[in-house]
A.B. asks: 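Mind having a look at this structure? Questions to follow.
In what follows, chains are A, B, ... by sequence order, proteins preceding strands, each numbered from 1.
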2 protein chains.
Amino acid sequence: MAQREVDLDSSVGYALKQAATALRAEMEAALEPLSLTVTQYSCLELLGQRPGLSAAELARGVFVTRQSMQSVLQGLQERGLLSRSTVPQGRALPTQLTPAGTDLLGRASRAVAAVESRMLQDRSAAEVARLRADLAACVAALEAPQP
Amino acid sequence: MAQREVDLDSSVGYALKQAATALRAEMEAALEPLSLTVTQYSCLELLGQRPGLSAAELARGVFVTRQSMQSVLQGLQERGLLSRSTVPQGRALPTQLTPAGTDLLGRASRAVAAVESRMLQDRSAAEVARLRADLAACVAALEAPQP
DNA sequence: TGCGCCATGTCAGGAGTCTGACATAAGCTG
DNA sequence: CAGCTTATGTCAGACTCCTGACATGGCGCA
């Protein structure tokens, strides 16, 4: 086996981490004027598109633990950006954006969209869709149960 | 503007984060038997391919701060996996793998390569290269100075 | 019905990483 | 040459997020 197992210059995994890191850094910079962290924005965005989600569902969608999501929700709730139902749906507590939350989300969403469109500049819609599909296929392959 | 600014189901950024998270989780699982964290492995791998790197250079390559890399290096050094030069090259202290470090890196590298190849299963070499190039283009676009 | 099983919310503790700060060494510039 | 800038290593503190644990509410099944 003359071939090296992992070569940084041709490793998709390394490129993936590099891209995710760069994107996160640019998102942080874009969201800083709104006093939002990337995690907080992700939470608002997810909640804006899927109103009524529970904390556990939000946590999975944002890729953090329930425990972390709890403190994120507390912070956003104290800022009046979202409200949690007092009446449990079973054990879960549905969450919704407040008008202030919806307003801030709109501005944050535009800022983030600008970053993403800068990341994808000079690429056709078809190329973008292909990249997205490639990444989704990676996720599916990784999450598939292995023997 | 009827189009939503950020749609999770078609957002490349979200897919990117999802893929990076899934890959990291699988890497953690693969490296756990070797008692290595992903950061520790990344450090060893980079050092194996670029011997003599300083702590600051390693930190940039692994996407952490110098301060974090310092504690990572201390842990690896105490396990006898690497050694830091006592004679500074200027201000920097070159770092090398020990034989034990090289040996462990070999096993870790194979484990990680298995994960990456599972992630990319059913794809041609050309498709993999294209994905890697797409990701690199994202990084370049994000890091390019903006007006 | 009663039991086990899973998901959710929550509390406490700890590991990892980051920001801030300082001293030192090399390079550049006037 | 002196001074400024940059890069590195290091120390200290704070913050974020995670792991572990527990109680509670729904669901399936014997």
A.B. asks: State, yes or no, whether a side-chain contact exists between Arg79(A) and Leu36(A) at a heavy-atom distance under 4.5 Å.
C.D. replies: yes
A.B. asks: Contact between Lys17(B) and Arg24(A) at the side-chain level, heavy atoms closer than 4.5 Å - yes or no?
C.D. replies: yes
A.B. asks: Between Ser85(B) and Gln96(B), is there a side-chain heavy-atom distance shorter than 4.5 Å?
C.D. replies: yes
A.B. asks: Measure from the side-chain N and O atoms of Glu143(B) to the backbone N and O of Ala140(B), and report whether any donor-acceptor pair falls under 3.5 Å.
C.D. replies: no
A.B. asks: Pick out the pairs of N or O atoms, protein on one side and nucleotides 22-25 of chain D on the other, that lie under 3.5 Å.
C.D. replies:
{"from": "dA23(D)", "atom 1": "N3", "to": "Arg91(A)", "atom 2": "NH2", "distance (Å)": "3.4"}
{"from": "dT24(D)", "atom 1": "O2", "to": "Arg91(A)", "atom 2": "NE", "distance (Å)": "2.4"}

A.B. asks: Enumerate all atom pairs, one protein N or O and one N or O from nucleotides 11-17 of chain D, separated by less than 3.5 Å.
C.D. replies:
{"from": "dC17(D)", "atom 1": "OP1", "to": "Thr39(A)", "atom 2": "OG1", "distance (Å)": "3.1"}

A.B. asks: How long is the line joining CG of Leu53(A) and C1' of dG9(C), in whole Å?
C.D. replies: 15 Å
A.B. asks: In whole angstroms, how far is the C1' atom of dT8(D) from the CZ atom of Arg60(B)?
C.D. replies: 9 Å
A.B. asks: Do Leu76(A) and Cys43(A) have side chains that approach each other closer than 4.5 Å (heavy atoms only, starting at C-beta)?
C.D. replies: yes
A.B. asks: Could you check if a side-chain atom of Glu116(A) sits within less than 4.5 angstrom of a side-chain atom of Val12(B), using non-hydrogen atoms only?
C.D. replies: yes
A.B. asks: With sequence neighbours excluded, tell me which residues meet salt bridge (charged side-chain N to carboxylate O under 4.0 Å, His left out) with Arg132(A).
C.D. replies: none
A.B. asks: Taking salt bridge (charged side-chain N to carboxylate O under 4.0 Å, His left out) as the definition, give me every residue that meets it alongside Glu127(A), ordered by chain and number, with sequence neighbours left out.
C.D. replies: none
A.B. asks: Do Glu26(B) side-chain atoms and Thr21(B) backbone N/O form a donor-acceptor pair below 3.5 Å?
C.D. replies: no
A.B. asks: Could you check how far CD of Gln40(B) sits from P of dG16(C), rounded to whole Å?
C.D. replies: 8 Å
A.B. asks: Could you give the angle between the helix axes at the two ends of the helix from dT1(C)-dA30(D) to dG30(C)-dC1(D), with five pairs per end, rounded to 10 degrees?
C.D. replies: 30°
A.B. asks: If I take atom CG from residue Leu44(A) and atom OG1 from residue Thr102(A), how far apart are they, to the nearest 0.5 angstrom?
C.D. replies: 9.0 Å
A.B. asks: Between dT8(C) and Arg84(A), is there an OP1 or OP2 to side-chain N/O distance shorter than 4.0 Å?
C.D. replies: no
A.B. asks: Starting from P on dA7(D), measure out to CG on Leu58(B) and report it in whole angstrom.
C.D. replies: 17 Å
A.B. asks: Which residues pass the salt bridge (charged side-chain N to carboxylate O under 4.0 Å, His left out) test with Arg50(B), not counting sequence neighbours?
C.D. replies: Asp9(A)
A.B. asks: Without decimals, in angstroms, what is the distance between Met69(A) CE and dT10(C) P?
C.D. replies: 13 Å
